[in-house]
*Asks:* 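A single structure is presented below for examination.
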Amino acid sequence: MPNKNYILEMFPYPSGNIHMGHVRNYVIGDICARYHKLKGDEVIHPMGWDAFGLPAENAAIQFKTHPQDWTLSNIKNMKSQLQKLELDLDWDRELATCNEDYYRHQQELFIDLYKAGLAYKKDAVVNWDPVDQTVLANEQVIDGKGWRTGAQVEKKNLSQWFFKITNYAEELLNDLDKLDLWPEKVKIMQKNWIGKSLGAEIKFKISNQNEFLNIFTTRPDTIYGATFIAVSINHPIVKKSLSKLEIDKIKKDFNEIDDDKEKLGYKIKISCDHPMLDKKIPVYVANFVLDTYGEGAIFGCPAHDERDYEFAKKYSLPIIKVIDCDDDQLPFTEDGFLVNSPILDGLNKNDAIKKIIFHLKKVGIGNEKTNYKIRDWGVSRQRYWGCPIPAIYYEDGSFRVLEKNELPVLLPYDVNLEGKGNALLNLDKWRKVICPLTNKPALRETDTLDTFVDSSWYYMRFLNNKLDRPFDVNQINESLPVDKYIGGIEHAILHLLYSRFFMKALRDIYKLKVDEPFKQLFTQGMITHKTYKTKKNEWVMPKDVISRDGDLYREKSFERVEEGPAEKMSKSKKNVIEPDEILDNYGIDATRIFMISDSPPDRELEWTDEGIQSSKNLIHRIERYFSQKITPLKNDTEKKVEKFVNDLEKNILNFSLNKCVADIYTLFNYLEREKVYLSDSKLSHKIIICIFPILPKLSLSLNKNLFNSSKFSKWPTVRAELLIEDQINLPVQINGRFATTIQTKKGYDKDVILDTIYKLDKIKNKITEKKVIKVINVQDKIINIIIS
RNA sequence: GCGCCAGUGGCGGAAUGGUAGACGCGCUGGUCUUAGGAACCAGUGGGCAACCGUGGGGGUUCGAGUCCCUCCUGGCGCACCA
């Protein structure tokens with residue numbers, strides 16, 4: 001049975017044209033896929049389109065077209081661009097998330113999630129663009145304004161669909177440890193996002209009432225230092241003790257504050273009893289308390305928390321030290337010994353935490369508690385161009401999620417996007433339905449799903465894109481996880497976390513045997529290019545820049561131009577290189593090799609004309625080399641080729657693709673320096689197979705010309721015995737500093753070689769009149785002579 | 001502020017604790033020319049030299065670019081998360 005190897009690059013959004021970033025991404029994946037195919041693996045290497053989303057709607061309005069037409073024509077164009085790159089992709093697995101074929105199955109998954117209690121509806125605060133009458137994603141809000149309308153974004157309470165990702169917070173966190181082939185950086189980002197903290201929940205009794213206020217704290221040990229309580233403006237207790245007018249006034253003040261770090265608070269009527277001491281402490285509404293974290297309420301211990309300290313100073317609240325420190329160290333947030341805390345005095349932080357929780361538990365007003373920063377995933381979008389959520393609403397306000405046999409809910413084609421808000425809202429023809437179960441009139445859900453839902457399971461659908469169900473359980477168990485997942489670091493949290501959640505949720509629903517979707521993650525770096533600007537701050541395209549006497553000018557106008565640092569390619573800075581042009585001018589192989597040559601694939605790659613040119617020169621050089629007549633081998637030729645195969649393979653497997661390029665240069669430098677021409681020999685065939693993953697076109701044409709064949713045998717097995725070098729250059733150090741080298745054979749006799757070494761001029765000079773104290777011989781590696 | 005990563009020639013970058021600078025670009029000189037974004041040859045960390053060199057300072061080690069401590073600089077991420 002061949003090894004299954006699922007190699008996947010993050011599928012693109014069909015924006016219109018592929019860019020160099022795509023090219024780099026897909027070339028890296030393609031090299032892997034081709035290598036593994038040569039190894040005889042059963043490679044899965046699909047490609048598809050992340051085809052729903054906002055840009056299509058905006059483009060439709062701007063260009064008077066339809067999101068679907070725009071998207072499908074972009075897909076067509078981008079597919080032909082990708083095909084121009086001749087990537088080794090399984091096009092028969094292709095899918096586009098905007099096709100009924102895909103999203104109808106997603107609606108089925110939605111129903112499953114709903115039935116499993118993992119999808120639900122609740123009121124939530126969202127970013128509302130008052131001009132477009134629609135919700136904006138967080139990333140579409142720039143400096144508090146809508147990116148398209150420039151209007152001040154409002155916070156609005158809307159009924160929204162959510163996925164219960166918090167159910168999996170603990171597992172999503174713990175399983176990060178299993179992902180040993182993920183970049184540490186991404187795992188840390190996810191860990192921080194999940195934001196687990198251990199602490200305690202403490203009930204504070206509201207004075208003179210029989211009610212309690214819950215707070216979460218990671219520092220229950222500082223309870224004796226609590227001098228106030230602060231709650232968020234949205235805390236239920238605020239509604240009870242303040243009028244709507246007062247609340248609105250406070251909200252306004254909070255919003256208007258310039259520096260969002262400045263503390264602001266209003267004391268409210270109620271106060272709480274201190275749980276450990278016979279005293280009352282005041283309750284404030286404070287702008288720095290988050291209503292989305294913990295209980296939306298805290299106790300303030302000014303002596304040992306920077307925020308509480310700042311707040312207490314501003315409102316002249318008492319500051320009681322409960323951890324031993326100097327007064328000028330306040331607020332003191334480190335570990336120390338407890339003071340002023342009757343039952344905790346003398347304990348350190350951890351012991352005090354244990355003891356106070358034990359006590360609070362006993363008294364029945366507290367417990368240990370684990371809190372997570374991660375919140376449930378809001379998936380509702382008030383947008384037309386997305387997957388319709390399969391639900392209907394009755395006139396009484398109740399709703400029903402559809403049954404699977406009522407699917408699909410198709411997205412209607414005839415819509416008016418010029419109107420305000422979600423086009424589906426105004427489409428009564430589509431919206432109004434009679435519920436087949438109750439015969440009652442109902443309205444369709446007009447929200448569509450966040451497009452991150454689409455990309456959370458596409459790697460499952462690729463396994464069988466024609467199945468009449470979302471996926472086949474056996475196929476998932478056999479073919480997942482994806483072995484190598486390659487894409488940009490910008491998806492470190494959202495997409496990768498959502499996909500992990502989906503995998504686990506669907507595992508539980510469908511009894512799958514897979515816990516994680518992506519076994520290995522590789523994040524490629526972006527492509528940068530120098531930027532050019534005129535004195536008038538106009539960006540100039542690199543190809544319009546000419547050099548005269550060391551100065552740079554814009555070709556057309558002969559204005560002086562300044563060269564700026566290499567930055568991420570962007571249309572606004574005009575430093576974009578179009579893949580189509582490069583492919584036309586330099587060809588596929590030169591483009592491929594440049595994508596991997598100048599820096600490690602996970603780092604930035606600076607686009608340079610010299611770089612792409614020298615890549616092309618290398619191709620020509622290899623062609624020229626193989627056009628030479630065959631010559632006899634040198635003694636070490638076989639060894640050099642074997643080392644090449646070995647190094648190249650190691651470097652492909654490590655994603656050290658820049659070193660693969662160095663390996664190719666090293667090999668041909670040797671062959672040409674030694675004037676060993678291999679022509680149509682066996683060794684040639686070996687070399688030509690090995691360069692195939694990186695330079696497929698060249699490799700195929702050499703195979704045709706030299707061997708009149710269009711097929712390769714498998715990737716050669718390295719003969720370990722040929723990798724051993726018995727002749728070595730042994731370095732000799734004196735007192736740990738390099739002195740000289742000596743030619744010898746592996747397995748030399750230490751005493752014999754030392755005799756020779758002592759006679760070498762470079763050594764003799766240095767050790768005469770000195771005493772050799774010690775000789776360190778690391779056999780076959782180095783000799784270090786220690787002298788007095 | 002917190003966290004993470006990184007600092008090596010003119011540049012991009014190589015170096016299981018063992019000859020620092022592989023490989024490429026650029027540059028210098030030369031060769032050949034159907035005068036080209038071509039190819040080939042030689043050279044290219046600094047210094048006349050002894051020697052000195054991997055951001056600075058300490059340490060561990062026979063031996064440190066690599067390990068430890070500390071500081072500096074840059075990049076990325078998070079940012080009142082109680």
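When reading the values below, keep in mind they use all heavy atoms of this one structure, side chains included, and skip hydrogens, waters and symmetry mates. Below, read A as the first sequence line, B as the second, and so on, with proteins coming before strands; counting in each chain starts at 1.
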*Asks:* Is Asn777(A) near enough to C62(B) that one of its side-chain N or O atoms lies under 4.0 angstrom from OP1 or OP2?
*Replies:* no
*Asks:* Report yes if a donor N or O on one partner sits less than 3.5 Å from an acceptor N or O on the other, where the partners are the side chain of Lys263(A) and the base of C80(B); otherwise report no.
*Replies:* yes
*Asks:* Check nucleotides 9-13 of chain B against the protein and report each pair of N or O atoms closer than 3.5 Å, with its distance, or say if there are none.
*Replies:*
residue : atom : partner   : partner atom : Å
G12(B)  : O2'  : Asp598(A) : O            : 2.3

*Asks:* Determine whether a donor-acceptor pair (one donor, one acceptor, N or O, separation below 3.5 Å) exists between the side chain of Lys781(A) and the base of U16(B).
*Replies:* yes
*Asks:* Using the C1' atom in both, what is the distance from C78(B) to A14(B), to the nearest Å?
*Replies:* 33 Å
*Asks:* Check each residue of residues 189-203 of chain A for a non-hydrogen atom within less than 4.0 Å of any atom in RNA chain B, then write out the ones that pass by number, or none.
*Replies:* Met189(A), Ser197(A)
*Asks:* If you write RNA chain B from 5' to 3' in dot-bracket form, with Watson-Crick or G-U pairs under 3.5 Å, [ ] for crossing pairs and | for pairs with another strand, what do you get?
*Replies:* (((((((..(((.....[....)))((((((.......))))))((....))..(((((..]....))))))))))))....
*Asks:* Which nucleotide sits closest to the side chain of Phe288(A): C4(B), A82(B), G24(B)?
*Replies:* A82(B)
*Asks:* What parts of residues 291-299 of chain A reach RNA chain B, counting only heavy atoms under 4.0 Å away?
*Replies:* Tyr293(A), Ile298(A)
*Asks:* Enumerate the residues from residues 610-629 of chain A whose closest heavy atom to RNA chain B is under 4.0 Å, giving them by residue number; use none for an empty result.
*Replies:* Glu610(A), Gln613(A), Ser614(A), Asn617(A), Arg624(A)
*Asks:* For Leu176(A) and G3(B), give me the distance from atom CG to atom P, rounded to whole Å.
*Replies:* 19 Å
*Asks:* Counting only heavy atoms and a strict 4.0 angstrom limit, can you tell me which residues of residues 733-740 of chain A come near RNA chain B?
*Replies:* Gln733(A), Gly736(A), Arg737(A), Phe738(A)
*Asks:* Kindly confirm or rule out a cation-pi arrangement of Lys196(A) over Tyr372(A), judged by NZ or CZ under 6.0 Å from the six-membered ring centre and within 45° of its axis?
*Replies:* no
